[in-house]
Amino acid sequence: MSRRVVIVEPDAAGRAVMDRVLTAEGYAVDAAGSISEARALLDAGAPVELLVIDEMGERGAVLEDVRALRRERPAIPVIVTGTLLSPR
């Protein structure tokens, strides 16, 4: 059985890259464009080994969403990534 990972990435191209890399490493990947979509995947699917969230929106809002997810599902590790480059 594959290890299941849920990724949250607002950009479709970013989701495709993360999916490709994680699938090549043996993970079963479910991809979502938002945290609310990820919650639906978490509720509907098999057990999840890891949740990877690309930082989106205001930092405080993302952290609150992550804190809520950690309270709801304390057994699932969460990794939050961020964009390394910006227009500034």
Evaluate the criterion side chain to side chain contact (heavy atoms under 4.5 Å, CB included) for residue pair Leu42 and Ile76; output intermediate values, then yes/no. CA-CA 10 Å; Leu42 292 170; Ile76 301 174; 4.1 Å; yes
Is any side-chain heavy atom of [Y] closer than 4.5 Å to one of [X]?
X     : Y     : answer
Asp65 : Ile53 : no
Asp30 : Val48 : no
Leu69 : Arg39 : yes

When rounded to the nearest 0.5 angstrom, what distance separates OG1 in Thr81 from CD in Glu9? 7.0 Å
Should Val29 and Ile79 be counted in the same cluster of Ile, Leu, Val, Met, Phe, Trp and Tyr side chains packed under 4.5 Å apart? yes
Evaluate Arg70 against Val78 for side chain to side chain contact (heavy atoms under 4.5 Å, CB included), listing each step before the verdict. CA-CA 8 Å; Arg70 295 290 297 140; Val78 178; 3.5 Å; yes
Could you pull out the closest heavy-atom pair between [X] and [Y], with the gap in Å?
X     : Y     : result
Ser34 : Val8  : C-CG1, 3.5 Å
Gly33 : Glu37 : N-OE1, 2.8 Å
Ala38 : Val6  : CB-CG1, 4.0 Å

So does Pro10 get a backbone contact from the side chain of Arg15, meaning a donor-acceptor N/O pair under 3.5 Å? yes
Quick one: do Arg4 and Leu41 satisfy side chain to side chain contact (heavy atoms under 4.5 Å, CB included)? Show the steps, please. CA-CA 11 Å; Arg4 184 169 170 241; Leu41 291 171; 4.1 Å; yes
